[in-house]
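Convention: sequence-line order gives letters A, B, ...; per-chain numbering from 1.
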Amino acid sequence: MSKATPNHFIRSIVSNDLANGKHDYVYTRFPPEPNGYLHLGHAKSICLNFGLAADLEGRCNLRFDDTNPEKESAEYMDSIRHSVAWLGFDWDELCYASDYFDELYKFAIELIHKGLAYVDDLDAEQMREYRGTLTEPGKDSPNRNRPIEQNLDLFERMRAGEFEEGELVLRARIDMASPNITMRDPILYRIRYAHHYRAGDEWCIYPMYDFTHCISDALEGITHSLCTLEFQDNRALYDWILENITISKNHIGEKNKPMPRQIEFGRSNLEYTLASKRKLIQLVSDGHVNGWDDPRLTTLVGLKRRGYTPASIRNFCAEIGVTKKDSVIEISVLENAIRQDLEANAKRVFGVLDPLKVTITNYPENEFETFTVKNHPKDQTMGTREIPFGREIYIEREDFMRDPVEDFYRLAPGREVRIRYGYAITCHDVIEDANGNVSELLCTYDPQTAKGKTPDGRKIRGIIHWVSAAHAVDAEVRLYDRLFNHPNPGALDDFTSALNPDSLQVCKTAKLEPSLQEADPEDRFQLERVGYFCFDSVDHSTETMVLNRTVSLRDSWAKPGIKK
RNA sequence: UGGGGUGUGGCCAAGUGGUUAAGGCACCGGAUUUUGAUUCCGGCAUUCGAAGGUUCGAAUCCUUCCACCCCAGCCA
């Protein structure tokens, strides 16, 4: 399972930097903005940053990029912290960009002193006009050559709260004609009279991402600053800022070592899912799903509630790789990752989703026996358990066919199957209800066939799962399917039009073997022949059992085209 | 028609001038099986976006072309 550490272009760069002495160690960071819940896309970045540091005996920080008070909250921050820890990573330092507000402010003043930043009073619309377009250069702002003293004064007064929101901004003085629009005198600070979830009301000016991120990296001694592809153009600004401020080498931990280097990698998208925070928020607030931890969502909290293990997600991330191209991953890759984990580690139990009663007419009434069965077919260390058996049992309705199709080798009138770990039974009569639906089967059992034996050597192909009717416990089982019917719902004008109406199927009729009542609520298990399940972390209790299906078992019989 | 990127099988992805182009997922066969699961074995790109060129030899070098993605928030 644990694969050789994946070698990708970023790892090569870092290894080289270490080998040739450019850096003495690797120091990375995972820098989320606390404005939403983490999803699978973040998991890729987390595994990359923390994984690289761990493999190369370096360090990795968790840093909240919290420079936009209007969108951020402590709730999001807490959830992100928990998700990173749940995924299995420890950060070396827990950092907040907001802790650097004082330093950031000083660096801004330094830029002003050097004539490399100025206060501008263009409003947002003018700013856009002056910026030019993709094909035309921008124009200098009338304020571009404002005297340094005046800039200093204005900037201090911005901080002091003497201006309205939007009235003034601080801009870097770079090049309005740059073909790279990011370099056309980007805004460094804006005025916002907003309460910051950590800094409170201490500031009314907030630094922008480009100004904050590179300085935060440098202050923390980050050596390699990994981010996604859309920041490639911003790299020029990242480097420009660090080149133009005086940031002590002592600050960055390694004396006389180079500044952090930004390296971009491609995002990975999962088919049939959404990753955009804005759209995720809409799904939650419009009630299309039941919260951020809805098991149909690929948020980390959703996957956790669905029954995914941290290891399966880490393996998934290792499997999809790291390259410079955006990718679209098929869900089968994710499903494969969790199946691999659960196949090896989940104990097996019996449960019937859609019960059909079977009476074994030649088995005495009010008499029971117990079978000792394996908790795992291959892993003996997982031990055994006892399951009760009696005259009346439930089998899966799906495992009986009145008029069996070709290739169906389960139960049918006159046919014999084995009830797993028990006897061979043969169906003799079918009882119907008033509507003509099958309501019960009358079968006989062959006492010679206990424990998998067939004394006459006859071959019994069909093996089905079952539970004792007298001992079964009721449960609600939630079956999940993809949330969207479209492979790329985010590309649609209205992604809600692609919502899958059958993404959640609640099955209230399930009958489970009694041992499940004593199971640990954290347990993940396989309902044999059905799928992998876990108890729902919110709605499950020993009184009312609620199970989530994490993923079905592979079913090479239920191929499209073959009708059950 | 500015700048920055990317193009290897259905989806990912190794490969950085020299055997028949790794591997995973998916798919298709077949074996084993008290889960139609698992496991196992076999199949699955004469071809690397296209066209030219360099070379004894190219997915890897050069040229041109094509396609797709990102950038004109006082978001990150």
Name the nucleic acid region contacted by Phe231(A), choosing base, sugar-phosphate or nothing; use a 4.0 angstrom heavy-atom cut-off, strictly under. base
Between C25(B), U35(B), C74(B), spot the one nearest the side chain of Arg348(A), thanks. U35(B)
Side chain of Asp354(A), backbone of Arg397(A): donor and acceptor closer than 3.5 Å? no
Using a 4.0 Å heavy-atom cut-off, does Arg418(A) contact any base of the nucleic acid, only the sugar-phosphate backbone, or nothing at all? base
Assign Thr212(A) to base, sugar-phosphate, or nothing according to its heavy-atom contacts below 4.0 angstrom with the strands shown. nothing
Parallel, tilted or perpendicular: ring planes of Phe155(A) versus Tyr105(A), cut at 30 and 60 degrees: parallel
Using a 4.0 Å heavy-atom cut-off, does Glu136(A) contact any base of the nucleic acid, only the sugar-phosphate backbone, or nothing at all? nothing
Need one value for Asn234(A): base, sugar-phosphate or nothing, where a base atom within 4.0 Å counts as base even if backbone is also close, heavy atoms only. base
Sugar-phosphate only, base, or nothing, as touched by Val169(A) at under 4.0 Å among non-hydrogen atoms: base
Side chain of Asp555(A) - closest among A26(B), G2(B), G36(B): G36(B)
Selection from C75(B), C11(B), U1(B) that lies nearest to any side-chain heavy atom of Arg192(A): C75(B)
Separation between the P atoms of G17(B) and U60(B), rounded to whole Å: 11 Å
Check every atom of A72(B), G36(B), U35(B) against the side chain of Ser556(A) and return the nucleotide holding the closest atom. G36(B)
For Asn35(A), side chain to side chain contact (heavy atoms under 4.5 Å, CB included) partners two or more places apart: Glu33(A), Lys71(A), Glu72(A), Lys277(A)
What is the nucleic acid contact for Phe265(A), judged by heavy atoms within less than 4.0 Å: base, sugar-phosphate only, or nothing? nothing
Is G73(B) in the syn or the anti form, by the rule that syn lies within 90° of 0? syn
Let me know which of Arg144(A), Arg171(A), Arg131(A), Arg173(A) forms a salt bridge (Lys or Arg N to Asp or Glu O under 4.0 Å) with Asp120(A). Arg171(A)
Counting runs of three or more consecutive pairs, Watson-Crick or G-U wobble, with each distance below 3.5 Å, where are the stems of RNA chain B? B:2-7 with B:66-71, B:10-12 with B:23-25, B:27-31 with B:39-43, B:49-53 with B:61-65
Lys325(A) side chain: which of U35(B), A76(B), U8(B) is closest? U8(B)
Name the nucleic acid region contacted by Ser268(A), choosing base, sugar-phosphate or nothing; use a 4.0 angstrom heavy-atom cut-off, strictly under. nothing
Determine the interplanar angle of the Trp557(A) and Phe408(A) rings, folded into 0 to 90°, and report it as parallel if under 30°, tilted if 30 to 60°, perpendicular if over 60°. tilted
Measuring from the side chain of Asp233(A) (C-beta onward, heavy atoms only), which nucleotide among A76(B), U35(B), G3(B) has the closest atom? G3(B)
Describe the nucleic acid contact of Leu122(A) in one word from base, sugar-phosphate, nothing, applying a heavy-atom distance below 4.0 Å. base
Which part of the nucleic acid does Ser332(A) contact within heavy-atom distance under 4.0 Å: base, sugar-phosphate only, or nothing? sugar-phosphate
To the side chain of Glu528(A), which of C74(B), G36(B), U35(B) is closest? U35(B)
Could you work out which one of A13(B), A37(B), G2(B) sits closest to the side chain of Glu343(A)? A37(B)
Across the strands shown, which category fits Tyr189(A) at heavy-atom distances under 4.0 angstrom: base, sugar-phosphate, nothing? nothing
The answer to which of Lys378(A) and Pro179(A) contacts RNA chain B further toward the 5' end, by nearest nucleotide, is Pro179(A)
Quick one: label Ile329(A) by what it contacts on the DNA or RNA (base, sugar-phosphate, nothing), any heavy atom closer than 4.0 Å. sugar-phosphate
Looking only at A76(B), U38(B), A72(B), the nucleotide nearest the Thr67(A) side chain is A76(B)
Is a donor-acceptor pair below 3.5 Å formed from side chain Lys324(A) to base U6(B), judging by atom type as modelled? no
Using a 4.0 Å heavy-atom cut-off across all strands, classify Arg420(A) as base, sugar-phosphate, or nothing. base
Measure the distance between the ring centre of Trp557(A) and the centre of the six-membered base ring of G36(B), then answer whether it is under 5.5 Å with planes under 30°. yes
Parallel, tilted or perpendicular, as decided by the 30° and 60° cut-offs, for the rings of Tyr238(A) and His213(A): tilted
Given the structure, check if the side chain of Glu330(A) and the base of G10(B) hold any donor-acceptor pair shorter than 3.5 Å. yes
